[in-house]
Number of protein chains: 2
Amino acid sequence: MSKAFHSYKNPSLAVDLVVFGYHDRKLSVLLLNRKEEPFKNSWTLPGGFLQIEECLLQVCNRIMKTKTGLENIYLEQLYSFDEPGRDPRGRVISVAHYALVNPQRFEVVAGNMANDVQWFPVDTVPQLGFDHDQIFGQALQRLKSKILYYPVGFELLDETFTMTELHELYECILGISIDRRNFRRKILDSEYIIATGTKREGLKNRHPDLYRFNKQLKQNNFQLHIPS
Amino acid sequence: MSKAFHSYKNPSLAVDLVVFGYHDRKLSVLLLNRKEEPFKNSWTLPGGFLQIEECLLQVCNRIMKTKTGLENIYLEQLYSFDEPGRDPRGRVISVAHYALVNPQRFEVVAGNMANDVQWFPVDTVPQLGFDHDQIFGQALQRLKSKILYYPVGFELLDETFTMTELHELYECILGISIDRRNFRRKILDSEYIIATGTKREGLKNRHPDLYRFNKQLKQNNFQLHIPS
DNA sequence: GCAAAAGTGTTGAATTTACACCCATGG
DNA sequence: CCATGGGTGTAAATTCAACACTTTTGC
């Protein structure tokens with residue numbers, strides 16, 4: 001290594017996670033109640049520091065597992081936050097990521113660093129510690145944009161789902177109402193989903209068709225238009 | 001500070017810049033020829049390490065100035081790259097940014113760290129050192145997507161410009177041909193540009209109207225559709 | 001047979017595309 | 001007066017938006 005390479009002091013590098021889940025027809029985010037200062041007893045995003053040998057996705061997965069008990073979930077890098085005062089303990093740069101989880105399939109567990117772990121519907125999120133309000137807002141914005149042209153929503157549903165469930169998910173995330181029939185046509189034309197040939201049983205009304213996400217999708221031919 | 005806060009060794013934090021310029025009807029990128037190992041005499045993106053007290057945009061601006069002589073240019077964060085082997089000197093995580101420059105308005109100068117600084121048309125970029133091929137590719141992709149819904153292209157042109165110049169810029173960046181008349185209508189309807197009322201003089205044909213970017217733009221009402 | 005949710009199709013409106021003519025300028 | 005590039009409009013095709021009836025099921 002060159003001498004110059006060592007002559008820099010480095011800020012701490014962290015990761016913060018915006019974990020979205022869809023539960024009871026509500027989009028929620030997973031928050032931790034901190035057991036220690038700073039922001040003791042405040043709600044914050046799960047996060048943690050990077051060890052020298054780890055890569056970012058590894059850190060994310062480690063934090064997921066140890067702080068919330070979740071494993072094997074959809075993760076995407078969001079943005080790096082570097083405001084000098086963002087962490088009162090010192091200079092910390094955080095590479096924020098967001099994750100999409102189907103909460104039915106996982107049980108969340110508070111790790112020993114937190115008093116509590118809880119899902120908050122996105123419209124009832126309390127004020128968060130650090131700059132996590134900003135990170136959360138940006139993640140929500142990203143999710144809203146991305147769902148319009150990429151089938152990211154399927155991560156939030158079960159393996160198979162009905163058209164109505166997918167429709168409600170879109171309305172919930174975007175916060176608008178979308179014509180049921182136009183939505184169906186749009187989604188089916190895009191070939192993002194495939195009918196399984198089976199129907200959901202045990203409902204008191206007509207049994208709806210079940211679909212699954214088409215993983216062998218060649219390309220993005222989906223663009224949902226939202227009325228302004 | 002808590003004890004835990006100090007117990008992490010931190011990787012070096014760097015910034016790499018993909019500087020785009022538009023010159024002679026070509027989209028170009030600014031590359032540095034390295035004077036030192038690693039990748040001595042190879043072309044790379046300009047980049048540098050973050051000092052403990054700097055924020056990311058400050059680093060970008062410092063590198064711009066010292067390595068290329070450019071100041072006061074459009075900058076946007078792209079992505080953080082963290083492959084463990086990406087820098088042979090050790091563990092370096094790079095927060096890549098991209099920049100848009102009007103090369104007419106600036107003279108590029110090689111800093112004392114580089115043999116040479118040069119604009120390369122994006123379709124003739126040589127193989128780059130580090131993982132800079134990947135960073136460059138991702139930046140180009142981002143620029144192509146962004147120009148479809150955000151008036152980012154104006155940073156590459158002069159303060160005032162003709163419709164034809166803007167049209168050619170779009171065709172060049174997207175690598176497609178766009179109907180001149182439909183493009184004009186789309187752009188004018190979006191109110192992204194304002195006619196200055198003056199015309200470009202001194203041409204041998206009809207004098208075209210000059211426009212400027214509308215900086216008091218309320219919202220994004222622009223969406224360029226590209227035929228698939 | 002009735003209430004509740006799911007499946008299906010059509011029509012008018014808006015947008016996009018394709019395309020051609022006239023105008024201003026310099027030589 | 002002519003060659004070159006710049007300005008403008010219209011008609012057809014496509015896509016989007018709005019909307020209503022029929023089917024299946026459990027009770």
Side-chain angles (χ1 to χ4, degrees), chain A residues 24-25 147-149 153 157-158 160-172 174-212 219-228, chain B residues 24-25 147-149 153 157-158 160-172 174-212 219-228:
Chain A
D24 293 331
R25 299 183 179 179
I147 204 173
L148 295 177
Y149 64 90
L157 297 174
D158 290 340
T160 63
F161 48 86
T162 66
M163 187 61 78
T164 300
E165 287 163 358
L166 186 62
H167 178 229
E168 283 175 342
L169 174 66
Y170 269 74
E171 291 193 327
C172 169
L174 295 170
I176 57 171
S177 80
I178 305 170
D179 184 272
R180 187 169 67 88
R181 294 150 290 187
N182 294 337
F183 178 80
R184 160 185 289 268
R185 182 181 17 253
K186 202 80 198 236
I187 292 283
L188 288 176
D189 287 352
S190 77
E191 298 181 340
Y192 271 172
I193 64 177
I194 305 171
T196 62
T198 58
K199 290 172 188 296
R200 170 150 299 161
E201 307 290 337
L203 300 178
K204 61 172 192 276
N205 301 318
R206 181 172 181 169
H207 295 173
D209 295 342
L210 284 169
Y211 297 89
R212 74 173 69 250
Q219 72 198 7
N220 271 24
N221 44 356
F222 176 56
Q223 174 67 52
L224 190 66
H225 290 261
I226 51 171
S228 54
Chain B
D24 294 331
R25 298 182 179 180
I147 204 173
L148 295 177
Y149 65 89
L157 297 173
D158 290 341
T160 63
F161 48 85
T162 67
M163 186 62 76
T164 301
E165 286 163 357
L166 186 62
H167 179 228
E168 284 175 341
L169 173 67
Y170 270 74
E171 290 193 326
C172 169
L174 295 170
I176 59 172
S177 81
I178 304 170
D179 184 272
R180 187 169 67 88
R181 292 151 290 187
N182 294 337
F183 178 80
R184 160 187 290 267
R185 179 177 23 249
K186 201 81 198 234
I187 292 283
L188 288 176
D189 287 354
S190 78
E191 298 181 339
Y192 272 172
I193 63 177
I194 304 170
T196 63
T198 58
K199 290 169 188 293
R200 170 148 299 160
E201 308 288 337
L203 301 177
K204 61 174 192 279
N205 300 319
R206 181 171 181 170
H207 295 174
D209 295 343
L210 284 169
Y211 297 90
R212 74 174 68 251
Q219 71 199 8
N220 269 24
N221 45 356
F222 176 56
Q223 175 68 50
L224 191 64
H225 290 262
I226 51 172
S228 53

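Each chain gets a letter, A, B and so on, in the order the sequences are listed, and its residues count up from 1.
Ring-plane geometry between Tyr170(B) and Phe222(B) is classed as perpendicular, the angle between the planes exceeding 60 degrees on a 0 to 90 degree scale with a lower cut at 30.
As a whole-Å value, the separation of His207(A) NE2 from dG7(C) P is 12 Å. Between Asn182(A) atom CG and dT8(C) atom P there is a gap of 15 Å when expressed in whole angstrom units. Asp209(A) has its CG atom 12 Å from the P atom of dT24(D), to the nearest Å. Residue Arg206(A) contributes atom CZ, which lies 6 Å from atom P of dT24(D) at whole-angstrom precision. Here the P atom of nucleotide dG9(D) and the CG atom of Asp189(B) are 13 Å apart, to the nearest Å. One interatomic measurement links the two molecules: CD1 of Ile178(A) to P of dC16(D), which rounds to 14 Å at whole-angstrom precision. Protein atom CZ of Arg184(A) is 18 Å distant from nucleotide atom C1' of dC16(D), rounded to whole Å. Whole-Å rounding puts the Asp179(A) CG to dA20(D) C1' distance at 11 Å.
For Arg181(A), taking side-chain heavy atoms from C-beta onward, the closest of the listed nucleotides dG26(D), dC16(D), dC19(D) is dC19(D). The side chain of His225(B) sits closest to dT16(C) out of dG7(D), dT16(C), dC19(D). Distances were taken from every side-chain heavy atom of Arg185(A) (C-beta onward) to each of dG7(C), dG6(D), dG9(C); the shortest belongs to dG9(C). In this structure, the nucleotide among dA20(D), dA17(D), dG7(D) sitting nearest to the side chain of Arg180(B) is dG7(D). Between dA4(C), dT25(C), dT8(D), one nucleotide has an atom nearer to the side chain of Asn205(B) than all others, and that is dT25(C).
Rounding to the nearest 0.5 Å gives a distance of 12.5 Å between NE2 of His225(B) and CD1 of Ile178(B). Once rounded to the nearest 0.5 Å, the distance linking OG1 of Thr198(A) with CG of Asp209(A) reads 8.5 Å.
A donor-acceptor pair shorter than 3.5 Å cannot be found between the side chains of Thr162(A) and Thr164(A).
Toward the 5′ end of DNA chain D lies the nearest nucleotide of Thr162(B), the other residue of the pair Thr162(B) and Gln223(A) mapping further downstream. Residues Gly202(A) and Lys186(A) each lie close to DNA chain D; by heavy-atom proximity, the contact nearer the 5' end of the strand is made by Lys186(A).
With hydrogens and angles disregarded, no donor-acceptor distance shorter than 3.5 Å links the side chain of Glu171(A) to the backbone of Ser177(A).
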